[in-house]
Amino acid sequence: MAITKVTIDDNCTVCGLCETTAPDVFEMGDSKAQVKAGADLNANEDAVREAADSCPTSSIKVS
């Protein structure tokens, strides 16, 4: 199923795991990770879903 939206909630600890898993999609912000502007979510679907599943705080929501 195609990804239409990825959000990161305030429980993010900026551990960097999502950026390591899906560097074309995630980057570290000052207080939490963020989705890169213009990131192609569907081209990186497997990596995005892996990052969400691996997030230690379950902060990444994929819809």
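For the numbers below, each heavy atom of this structure counts, side chains included, while hydrogens, waters and symmetry mates do not. Everything quoted here is computed from the prediction, not taken from an experiment.
In plain terms, the two heavy atoms of N42 and I3 that are nearest each other are OD1-N, 2.7 Å. Residues C12 and T57 approach most closely at CA-OG1, 4.0 Å, considering heavy atoms.
To the nearest 0.5 angstrom, I60 atom CD1 is 8.5 Å from S54 atom OG. Here the OG-CG distance, from S59 to N11, works out to 5.0 Å after rounding to the nearest 0.5 Å. Note that CD of E27 is 10.0 Å distant from SG of C18, once rounded to the nearest 0.5 Å.
With sequence neighbours excluded, the residues satisfying salt bridge (Lys or Arg N to Asp or Glu O under 4.0 Å) with E45 are R49. Remark: D10 engages K32 in a side chain to side chain donor-acceptor pair (under 3.5 Å) (not counting sequence neighbours).
Each of L17 and V6 belongs to its own hydrophobic cluster when Ile, Leu, Val, Met, Phe, Trp and Tyr are linked at side-chain heavy-atom distances under 4.5 angstrom. In the hydrophobic clustering of this structure, I8 groups with V62; members are Ile, Leu, Val, Met, Phe, Trp, Tyr whose side-chain heavy atoms approach within less than 4.5 Å, directly or through other members.
Judged by distance alone, the side chain of T4 and the main-chain N or O of S63 form a donor-acceptor pair under 3.5 Å. At distances below 3.5 Å, not a single donor-acceptor pair connects side-chain atoms of T21 with backbone N or O atoms of A51. Remark: side-chain polar atoms of K36 are paired, donor with acceptor, to backbone N or O of P23 under 3.5 angstrom.
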